Trainee: 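My structure is below; once you've seen it, I'll send some questions.
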Amino acid sequence: MVRDKILILDDEQIVIDAITKHLSKYDYSIYSGMNGKEGLELYHKVNPILIILDLRMPVMDGVEFLRKIKLTPADPCSVIVLTGHGSDDDMERCFELGISAFLRKPFNIYELLGMVTHSIALKKVELDLKAELIQRAKMEEELRSYRDHLEELVETRTAELQKEIVERTNAEKLAMRSLKDKEVLLREIHHRVKNNLQIVSSLLELQTKYIKDPETLEMFKDSQNRLKTMALLHEKLYQSDNMADIDFAKYLTNLLDHLYRSYCVDTSRIFMNTDIENATIGLDTAVPCGLIINELVSNSLKHAFKGGQRGRLSVSLHKFDDGRFKLTVSDTGIGLPEGIDLKNSKTLGLRLVNALTVEQLEGTLEFNSNNGASFWIVFKELKYGKRGTND
Ligand SMILES: Nc1ncnc2c1ncn2[C@@H]1O[C@H](COP(=O)(O)OP(=O)(O)OP(=O)(O)O)[C@@H](O)[C@H]1O
Ligand SMILES: [Mg+2]
């Protein structure tokens, strides 16, 4: 442990010796000088915590010494003046110069020892307090600079984020605009596909003028209906909100209307019974589904009710919870011919129904012929990209 250093400045060696003798019993390092000049050198060299100072000394007296060392309240050193001649004026001046105690000679050594202990203890408390204050000021400064830095960081990050938001908003606007453009384009494409299908249908219509054979005429009409079935889908698509899903109930109503008109059938003769679940279906599924319905409904209208016979045609579409659909087309007509084989039928219609169900929809087809003809098709909606390579 570093000992406390005490500097004794007195021109009487006997005084220095007497004080040193008593102080050496304690844990102090003692230094001494005979005048202010020596004292100054020692003061700067050893940095004492306490100076015991005589006033009247040769070369440089105590008051001059005090002026030179310029004691301040924050000084790490305190001074006890010990003088034989000190007047009250001297005492006043010394206190003005920052001393902490004034003792006159002849003095009581124990009184001086008490003052020494007291002054050193007081100085240490002062020094500790000062160190603590410095430490606190330093911490406050660090905190302040940290806070300033933090504010700076927050400001920078906020600015970055604002920039990011602006950039993202602009990008979103651009993407929205391009999406809108593509939507318009897609709508236009569906419109044109529909128009082109109608043109092909009109061409067929024109050709029918030169056909005399009723069977061939029928074939042309069926083909026109198939085209119409697909054209209607594209029409529904460009009228839909998202251009991907078709409102199937609306589509079917239009398709059935068209077929009744096309075969000049009155709903008062063949009553139309529809039960179509409110479902939207994508184009990939809607095309085969529409074509199947076209074939089955056309068949009912063409073959089931001969000679103006009355009856009922039912079309229903239900969606199961697992996402599968069940399409039913049935009529109360004369029923299917015996031993009919959908796969190997010589005619196109039912073969098409079978092929579209199995190959395009990857579904199952069942039929029976009790009290008319009934067909059930169960299928799942095709997801984009799941289609075969041959379509
Ligand atoms: N709902 C039905 N009621 C009675 N007979 C039917 C019915 N559906 C089909 N048929 C009979 O089955 C046959 C085969 O039908 P299919 O649809 O394959 O041929 P199509 O209607 O004659 O001609 P297309 O190839 O133009 O459709 C029909 O000719 C008809 O005799
Ligand atoms: Mg047919």
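All of these numbers come straight from a predicted model, not from anything done at the bench. Just follow the structure's listing: the first ligand is 1, and inside any ligand the first atom is 1.
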Trainee: Just heavy atoms, cut-off under 4.0 Å: does Pro337 contact ligand 1 by side chain, backbone, both, or neither?
Mentor: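 Within the 4.0 Å criterion, Pro337 contacts ligand 1 through side-chain atoms alone.
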Trainee: Do the side chains of Leu317 and Lys326 get nearer than 4.5 Å, heavy atoms only?
Mentor: no
Trainee: Please determine, by modelled atom types, if Asn254 and Lys236 share a side-chain donor-acceptor pair under 3.5 angstrom.
Mentor: yes
Trainee: Report the nearest protein non-hydrogen atom to atom 12 (O) of ligand 1: residue, atom name, distance rounded to 0.1 Å.
Mentor: Ile340 CD1, 3.6 Å
Trainee: So which bit of Ala304 gets within less than 4.0 Å of ligand 1, heavy atoms only: side chain, backbone, both or neither?
Mentor: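 It is both backbone and side chain that touch ligand 1.
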Trainee: Run Leu365 and Asn354 through side-chain contact (heavy atoms from CB on, under 4.5 Å) and show every step you take.
Mentor: CA-CA 7 Å; Leu365 167 66; Asn354 185 64; 3.9 Å; yes
Trainee: What are the atoms of ligand 1, with element, lying closer than 4.0 Å to any heavy atom of Ala373?
Mentor: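 Matching atoms, with element in brackets: 1 (N).
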Trainee: Taking only non-hydrogen atoms of Gly335, do any sit less than 4.0 angstrom from ligand 1?
Mentor: yes
Trainee: For Glu295, counting its heavy atoms only, list the atoms of ligand 1 lying under 4.0 Å from any of them.
Mentor: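 With Glu295 as reference, the close atoms of ligand 1 come out as 27 (O).
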Trainee: Any side-chain donor paired with an acceptor under 3.5 Å for Asp331 and Ser300?
Mentor: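 Indeed, the side chains of Asp331 and Ser300 share at least one donor-acceptor pair under 3.5 Å.
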Trainee: Check whether any heavy atom of Arg226 sits under 4.0 Å from an atom of ligand 1.
Mentor: yes
Trainee: Checking only N/O/S atoms, does Asn299 have one that is under 2.8 Å from the Mg ion (ligand 2)?
Mentor: yes
Trainee: Using a 4.5 Å cut-off on heavy atoms from C-beta on, say whether the side chain of Trp376 contacts that of Val329.
Mentor: no
Trainee: Kindly check if the number of other-residue, nucleotide or ligand heavy atoms within 6.0 Å of CZ (Arg192) is above 12?
Mentor: no
Trainee: Quick one: nearest non-hydrogen protein atom to atom 25 (O) of ligand 1, plus distance?
Mentor: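 Its nearest protein heavy-atom neighbour is Gly349 N, 2.8 Å.
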Trainee: So which heavy atom in the protein is nearest atom 1 (N) of ligand 1, and how far is it from that ligand atom?
Mentor: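 Looking only at protein heavy atoms, the one closest to atom 1 (N) of ligand 1 is Asp331 OD2, 3.0 Å.
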Trainee: Identify which of Glu218, Met219, Lys302 has a heavy atom lying nearest to atom 23 (O) of ligand 1.
Mentor: Lys302
Trainee: Give me the residue, atom name and distance of the protein heavy atom closest to atom 9 (C) of ligand 1.
Mentor: Asn299 ND2, 3.5 Å
Trainee: Nearest protein heavy-atom contact for atom 26 (O) of ligand 1: which residue, which atom, what distance?
Mentor: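 Closest protein heavy atom to atom 26 (O) of ligand 1: Asp222 OD2, 2.5 Å.
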Trainee: Are a donor atom and an acceptor atom from the side chains of Asp247 and Thr280 found within less than 3.5 Å of each other?
Mentor: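 No - no donor-acceptor pair under 3.5 Å links their side chains.
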Trainee: I'd like to know whether Lys380 forms a salt bridge (Lys or Arg N to Asp or Glu O under 4.0 Å) with Asp322, so could you lay out the CA-CA distance, the side-chain angles of the two residues, the decisive distance to 0.1 Å, and finally the verdict.
Mentor: CA-CA 9 Å; Lys380 251 189 162 168; Asp322 63 4; over 6 Å; no
Trainee: For Ser24 and Thr20, indicate whether the former's side chain and the latter's backbone hold a donor-acceptor pair under 3.5 Å.
Mentor: yes
Trainee: If hydrogens are left out, which of Lys306, His303, Arg351, Lys346 has an atom nearest to atom 5 (N) of ligand 1, that is, the closest non-hydrogen atom?
Mentor: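 Nearest heavy atom to atom 5 (N) of ligand 1 lies in His303.
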Trainee: Within the 4.0 Å heavy-atom shell around Ser300, which atoms of ligand 1 are there?
Mentor: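 The atoms of ligand 1 under 4.0 Å from a heavy atom of Ser300 are 1 (N).
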Trainee: Should one rank Leu301, Asn354, Leu350 by closest heavy-atom distance to atom 15 (O) of ligand 1, which comes out on top?
Mentor: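 Going through Leu301, Asn354, Leu350 one by one, Leu350 has the nearest heavy atom to atom 15 (O) of ligand 1.
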Trainee: Heavy atoms only, cut-off 4.0 Å: how does Leu348 contact ligand 1, side chain, backbone, both, or neither?
Mentor: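 The part of Leu348 near ligand 1 is both the backbone and the side chain.
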Trainee: Supply the atom-to-atom distance Thr83 OG1 to Leu55 CG, rounded to the nearest 0.5 angstrom.
Mentor: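 One finds 4.0 Å between OG1 of Thr83 and CG of Leu55.
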Trainee: Are the side chain of Glu64 and the backbone of Met60 linked by a donor-acceptor contact shorter than 3.5 Å?
Mentor: no
Trainee: Regarding atom 16 (P) of ligand 1: of the candidates Leu336, Val329, Thr347, which has the closest heavy atom?
Mentor: Thr347
